[in-house]
Amino acid sequence: MANPVLTIVVPCYNEEEVLPETVQRLSKMINSLVHDKLISDKSTVLFVDDGSRDKTWELIEQFHHAYPAMTGLKLAKNAGHQNALLAGLMTAKETADCVISIDADLQDDIEAIREFILKFHEGCDVVYGVRKSRTTDTWFKRATAQGFYKLMTSMGVRIHDNHADYRLMSKRALDELERFKEVNLFLRGIVPLIGFPSAVVYYDRHERFAGESKYPLKKMLSFAFDGITSFSVTPIRFVTLTGFVLFALSILAAIYAIVGKLWGTTVSGWTSLILSVWFIGGIQLLALGLIGEYIGKIYREVKHRPLFIIEKKLVTEDTPERV
Ligand code: UDP
Ligand code: MG
């Protein structure tokens, strides 16, 4: 395809500190790709304001008026990173041939965008950005992320290690993505299910250059837990298996107790009794909790609530002026 239209989707939540720099760097990148005739001069950046409480939207409007290639989407309220991203992708695919998603803080090296585009020209529908190293993350984030990827793989979920949401998708792949009507959205798990030709591009991850992470530990854990339970029933199987083992053990224990009673060798054991009551109680609660987790997911899926609500759109109809 000659000169595809590229749209770069950037979800933003309270990112006023990083936006000016982000706009500069992304427009420089787009200009150089247009110059090298790798993308069309109709290419744009789409900022999705995910219900920010700071000046993010005002900034997006200013940038749009100064440079029409910078477009914006304002969500009516905070919908979360994954939903904001989806809102951007679905809007972008209306006008673009390929769409790249990237975080506003540009921790992901934007130089990789050039390679993404080259892979797209080679015929890939999905290009995954994968981090070479995580030296800029804390050891804790590194360790938990590593554990998470291992766990996911061991449960048979195909995801790329160290791939966040930095990726290119063709319009065709996005059309297919639209058909996955999931409320518990975990994009990096869903995208590999699409199955079109794909490639991987390696890059270095930098520090956030301003502002702070919008993924505190609590959000990170719930994201990981969502990822696991949206894609696999292994935790439920594990609980069932534990149940079976415990049941078998308790039959053995019962036989031992009865035989002991008949021979008169047992002392009435309060400790073991109370321990087993607690133990079984605990396991049951765990099992109930897990089952509840899945039922909760079904509950949210069947309601079919919209994942995001768009309040305003700033789009450019004609060839946008180059920045
Ligand atoms: N983000 C969002 N909605 C949210 C939280 C985050 O759109 O509710 C955006 C945020 O502005 C950033 C991206 O998601 O562009 C990733 O967030 P962040 O950089 O804070 O995460 P980290 O890199 O620390 O994992
Ligand atoms: Mg970040």
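Positions are given from 1, in the same order as the sequence printed here. One-based numbering, in listed order, for ligands and for the atoms of each.
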| task | With heavy atoms of Glu15 as the reference, note each atom of ligand 1 found under 4.0 Å away. | result | 10 (C), 11 (O), 12 (C), 15 (O)
| request: For atom 18 (P) of ligand 1, grab the closest protein heavy atom and report residue, atom and distance to one decimal in Å. | output: Arg208 NH2, 3.4 Å
| field | Side-chain heavy-atom pair Asp226, Lys297 within 4.5 angstrom cut-off | value | yes
| Is a side-chain donor or acceptor of Thr71 paired with a backbone partner of Val45 at a separation under 3.5 angstrom? | yes
| field | No-hydrogen, no-angle side-chain donor-acceptor test under 3.5 Å, Asp108 and Tyr203 | value | yes
| request: Record the part of Met220 in heavy-atom contact with ligand 1 below 4.0 Å; permitted values are side chain, backbone, both and neither. | output: neither
| task | Look at ligand 1 and say whether Gln82 reaches it with a heavy atom at a distance under 4.0 Å. | result | no
| field | Closest approach of any protein heavy atom to atom 14 (O) of ligand 1, naming residue and atom | value | His81 CD2, 3.2 Å
| message | Whether Lys74 and Glu61 form a salt bridge (side-chain N of Lys/Arg under 4.0 Å from carboxylate O of Asp/Glu) is what I want to check. | response | no
| said: For Phe116 and Tyr166, take the angle between the two ring planes, folded into 0 to 90°, and tell me which bin it lands in: parallel under 30, tilted 30 to 60, perpendicular over 60. | reply: tilted
| request: Determine yes or no for a side-chain-to-main-chain donor-acceptor pair under 3.5 angstrom, with Asp125 supplying the side chain and Phe196 the backbone. | output: no
| note | among protein heavy atoms, the one nearest atom 16 (C) of ligand 1 is Asp103 OD2, 3.3 Å
| said: I need the contact type for Asn78 against ligand 1. Using non-hydrogen atoms and a strict under-4.0 Å cut-off, is it side chain, backbone, both or neither? | reply: side chain
| message | On a heavy-atom basis, which atom in Ser43 and which in Ile30 lie closest, and how many Å separate them? | response | CB-CG2, 4.3 Å
| query | Considering distance alone, does some N or O of Pro11 sit under 3.5 Å from an N or O of ligand 1? | reply | yes
| query | With a 4.0 Å heavy-atom cut-off (strictly under), which part of Lys141 contacts ligand 1: side chain, backbone, both or neither? | reply | side chain
| query | What residue and heavy atom of the protein are closest to atom 17 (O) of ligand 1, and at what distance? | reply | Tyr215 CD1, 3.8 Å
| Would a line drawn from the ring center of Phe63 to the ring center of Phe47 be shorter than 6.0 Å? | no
| remark: Heavy-atom closest pair (Arg25 atom, Ile110 atom, distance to 0.1 Å) is O-CD1, 3.5 Å
| request: Using the rule that two of Ile, Leu, Val, Met, Phe, Trp, Tyr join whenever any of their side-chain heavy atoms come within less than 4.5 Å, decide whether Leu118 and Leu6 are in one cluster. | output: yes
| What is the closest protein heavy atom to atom 1 (N) of ligand 1, and at what distance does it sit? | Tyr13 CB, 3.7 Å
| said: Using heavy-atom distances only, which candidate in Asp50, Val10, Ile102 approaches atom 4 (C) of ligand 1 most closely? | reply: Asp50
| For Arg205, the ligand 1 atoms whose distance to one of its heavy atoms is below 4.0 Å | 23 (O)
| Vertex the Mg ion (ligand 2), arms to Asp105 OD2 and Gln107 OE1, rounded to 10° | 100°
| query | Does Lys214 approach ligand 1 within less than 4.0 angstrom via side chain, backbone, both or neither, non-hydrogen atoms only? | reply | both
| said: List ligand 1 atoms under 4.0 Å from Asp105, heavy atoms only on the residue side. | reply: 19 (O), 23 (O)
| field | Nearest protein heavy atom with distance in Å, relative to atom 23 (O) of ligand 1 | value | Gln107 OE1, 2.7 Å
| request: For Leu19 and Cys12, work out which heavy atoms get closest and say how close. | output: CD2-SG, 4.1 Å
| task | Would you mind telling me if ligand 1 is within reach of the side chain of Ala104, the backbone, both or neither, using heavy atoms under 4.0 Å? | result | both
| message | Side-chain heavy atoms nearer than 4.5 Å, only ILVMFWY residues, links allowed to pass through others: does that put Ile291 and Ile298 together? | response | no
| request: Go through ligand 1 atom by atom and flag the ones less than 4.0 Å from a non-hydrogen atom of Ser213. | output: 20 (O), 21 (O), 22 (P), 24 (O)
